[in-house]
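Report on one structure; see the data block that follows.
One-based numbering, in listed order, for ligands and for the atoms of each.
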Amino acid sequence: MSDFDPQNFYYATTPPPPPHAQLLGETRADVCIVGGGISGLSAALHLAERGFSVALLEARHLGFGGSGRSGGQTIFGYASGQEKLEKIVGKADARRMWDIALEGMKLQRELIVRHSIDCDYVAGHMHVGVKARHDSELRTEVESLREHYDYHSVRLVGRDELRAIVPSERYTSGIHDSNSGHLQPYKFTLGLAAAAARAGVKIFENSWVTKLDLAAEASADSAAHTASGTVRARHVLIAGNALLGRLVPELARKLMAVGTYIAATEVLGERRASALITNNAAVADINWVLDYFRRSADHRLLFGGRVSYSGIDPFDSARVLGARIRRVFPQLADARIEYAWGGYVDISPNRAPHFGRLAPNAYFLQGFSGHGMVLSVIAGKLVAEAMAGSAERFDVFSKIPHADFPGGTYFRRPALVLAMLWFRLRDLL
Ligand SMILES: Cc1cc2nc3c(=O)[nH]c(=O)nc-3n(C[C@H](O)[C@H](O)[C@H](O)COP(=O)(O)OP(=O)(O)OC[C@H]3O[C@@H](n4cnc5c(N)ncnc54)[C@H](O)[C@@H]3O)c2cc1C
């Protein structure tokens, strides 16, 4: 059976990429990377550019995880917000993290240009409020970003202007950021993979790592084993993120894989699609259980929403998301949903990224908490820097304390379902 979900709009409409062989037998590389999403591929590319030999193992196909399913919104900063980061790591490191996130946005655009990645990148993002009380929250955020972080690409959009851009009764005001934007995430992932392969990275698909032997000494090799082979390498990067499962229990305890869903309408035509978001920005609302949407290059509405903290549960996502779309845009009552798919978002307990080491030469990246489209790109570069001997920037992140999710491995889902009910209630107030 094909691993390519036919209900995923991106898989269904992107020209099929060249397949990569399965790992067979034993091979050696300077670096072994587990996971063929944007994190793993960005690290692979940056490492190969520095002269490392790299073998990348992907359990299914490139972009099987969030990188091939995402809403594609490229958003500034961190899900935790700067104020919370300042409390966790102090003002100086929060500022360093901010600068790195902005560098990530620039790096993403540079990679698109440098490697001619055709991924429908569009600048512009709006974070919108749904209640009167959100207006002051958004105003404070704009003021704080401008004043404390010299971030001047954001501006407040009042109710009338917002309604002229997004003709929906639902939104009260918003922040527009000309530096954020959106792209087709699967095409971006494949573009990075092509660039990495050209730089010499050996990519293996259908190569699920079932066991890791991580060397306790920096001078020894580690090994990653699949059912049909082994990679031995001095350095390892674990970039399996929300799909890593229990391969590394200490990472699983610090991550909640949250099921979320996206629907794509039928092609609406340029005029009708343009009228829904006249400036073609990506839009996300301010709720905890948020709606997020954007126009596709072929003039559909892509609309994400509804989360499940108890895993991807079987439900009629096309019907449920269709109802959510009509709540925002009643004018789309007759628009058919052509695709609907789900995936797992990688959420950390404090919603700051979770990076670190499991052994002197074994690194991991996870927990981008809904900002992974940008942060995974720069995270890969930071890992390459660290493996090459400059770990200062990586260690700004590895110092962030992360608690375990409550309830232990077996009980944390029920605990989270309860927590989510509380957040949903809060959205309603
Ligand atoms: C529906 C959805 C919507 C989203 N929307 C947005 C958005 O609009 N903006 C945003 O910034 N973020 C969004 N995200 C989150 C974002 O997609 C992720 O943070 C990002 O793609 C993470 O990239 P990654 O490379 O770290 O992980 P992934 O893309 O998940 O890649 C991990 C890869 O590792 C592989 N793997 C796992 N275990 C193993 C193993 N043992 N052996 C070999 N391979 C393994 C998996 O098969 C997978 O391909 C969304 C996510 C989802 C699911």
Throw together a table of side-chain donor-acceptor distances under 3.5 angstrom for residues 27-37, partners on residues two or more places apart or in other chains.
{"from": "Arg28", "atom 1": "NE", "to": "Asp221", "atom 2": "OD2", "distance (Å)": "2.9"}
{"from": "Arg28", "atom 1": "NH2", "to": "Asp221", "atom 2": "OD1", "distance (Å)": "3.0"}
{"from": "Arg28", "atom 1": "NH2", "to": "Asp221", "atom 2": "OD2", "distance (Å)": "3.2"}
{"from": "Asp30", "atom 1": "OD2", "to": "Ser53", "atom 2": "N", "distance (Å)": "2.8"}
{"from": "Asp30", "atom 1": "OD2", "to": "Ser53", "atom 2": "OG", "distance (Å)": "3.3"}

One pair per line, please: each N/O atom of ligand 1 matched with every protein N/O atom under 3.5 Å away, atom names first, then the distance to 0.1 Å.
{"from": "ligand 1", "atom 1": "5 (N)", "to": "Ser70", "atom 2": "OG", "distance (Å)": "3.3"}
{"from": "ligand 1", "atom 1": "5 (N)", "to": "Gly71", "atom 2": "N", "distance (Å)": "2.9"}
{"from": "ligand 1", "atom 1": "8 (O)", "to": "Gly72", "atom 2": "N", "distance (Å)": "3.4"}
{"from": "ligand 1", "atom 1": "8 (O)", "to": "Gln73", "atom 2": "N", "distance (Å)": "3.0"}
{"from": "ligand 1", "atom 1": "9 (N)", "to": "Gln73", "atom 2": "O", "distance (Å)": "2.9"}
{"from": "ligand 1", "atom 1": "11 (O)", "to": "Gln73", "atom 2": "O", "distance (Å)": "3.4"}
{"from": "ligand 1", "atom 1": "11 (O)", "to": "Gly370", "atom 2": "O", "distance (Å)": "3.1"}
{"from": "ligand 1", "atom 1": "11 (O)", "to": "Gly372", "atom 2": "N", "distance (Å)": "3.1"}
{"from": "ligand 1", "atom 1": "11 (O)", "to": "Met373", "atom 2": "N", "distance (Å)": "2.9"}
{"from": "ligand 1", "atom 1": "12 (N)", "to": "Gly370", "atom 2": "O", "distance (Å)": "3.4"}
{"from": "ligand 1", "atom 1": "17 (O)", "to": "Gly66", "atom 2": "O", "distance (Å)": "3.2"}
{"from": "ligand 1", "atom 1": "19 (O)", "to": "Asp346", "atom 2": "OD1", "distance (Å)": "2.8"}
{"from": "ligand 1", "atom 1": "21 (O)", "to": "Ser67", "atom 2": "N", "distance (Å)": "3.0"}
{"from": "ligand 1", "atom 1": "21 (O)", "to": "Ser67", "atom 2": "OG", "distance (Å)": "3.0"}
{"from": "ligand 1", "atom 1": "23 (O)", "to": "Ser67", "atom 2": "OG", "distance (Å)": "3.2"}
{"from": "ligand 1", "atom 1": "25 (O)", "to": "Ile38", "atom 2": "N", "distance (Å)": "3.0"}
{"from": "ligand 1", "atom 1": "25 (O)", "to": "Ser39", "atom 2": "N", "distance (Å)": "2.9"}
{"from": "ligand 1", "atom 1": "25 (O)", "to": "Ser39", "atom 2": "OG", "distance (Å)": "3.4"}
{"from": "ligand 1", "atom 1": "26 (O)", "to": "Ser39", "atom 2": "OG", "distance (Å)": "2.7"}
{"from": "ligand 1", "atom 1": "26 (O)", "to": "Asn241", "atom 2": "ND2", "distance (Å)": "2.8"}
{"from": "ligand 1", "atom 1": "29 (O)", "to": "Gly66", "atom 2": "N", "distance (Å)": "3.3"}
{"from": "ligand 1", "atom 1": "29 (O)", "to": "Ser67", "atom 2": "N", "distance (Å)": "2.9"}
{"from": "ligand 1", "atom 1": "29 (O)", "to": "Ser67", "atom 2": "OG", "distance (Å)": "2.5"}
{"from": "ligand 1", "atom 1": "30 (O)", "to": "Gly66", "atom 2": "N", "distance (Å)": "3.1"}
{"from": "ligand 1", "atom 1": "38 (N)", "to": "Leu243", "atom 2": "O", "distance (Å)": "3.4"}
{"from": "ligand 1", "atom 1": "41 (N)", "to": "Val209", "atom 2": "O", "distance (Å)": "3.0"}
{"from": "ligand 1", "atom 1": "42 (N)", "to": "Val209", "atom 2": "N", "distance (Å)": "2.9"}
{"from": "ligand 1", "atom 1": "44 (N)", "to": "Ala59", "atom 2": "N", "distance (Å)": "2.9"}
{"from": "ligand 1", "atom 1": "47 (O)", "to": "Glu58", "atom 2": "OE2", "distance (Å)": "2.7"}
{"from": "ligand 1", "atom 1": "49 (O)", "to": "Glu58", "atom 2": "OE1", "distance (Å)": "2.7"}
{"from": "ligand 1", "atom 1": "49 (O)", "to": "Glu58", "atom 2": "OE2", "distance (Å)": "3.2"}
{"from": "ligand 1", "atom 1": "49 (O)", "to": "Gly65", "atom 2": "N", "distance (Å)": "3.4"}

Open item on the list: Check whether Phe64 forms a cation-pi arrangement with Arg69 (NZ or CZ under 6.0 Å from the six-membered ring centre, at most 45° off the ring normal).
Closed with: yes
Task: Flag if over 12 foreign heavy atoms under 6.0 Å of CD, Glu137 - done: yes
TODO: Provide the full list of side-chain hydrogen bond (donor to acceptor under 3.5 Å, both in side chains) pairs with a residue in residues 54-64, sequence neighbours left out, each pair given once.
DONE: Asp3-Arg60
Task: Leu276: which of Leu268, Ile165, Val166, Thr265 passes side-chain contact (heavy atoms from CB on, under 4.5 Å) - done: Leu268
Task: side chain to side chain donor-acceptor pair (under 3.5 Å) against His402, all qualifying residues, sequence neighbours excluded - done: Asn350
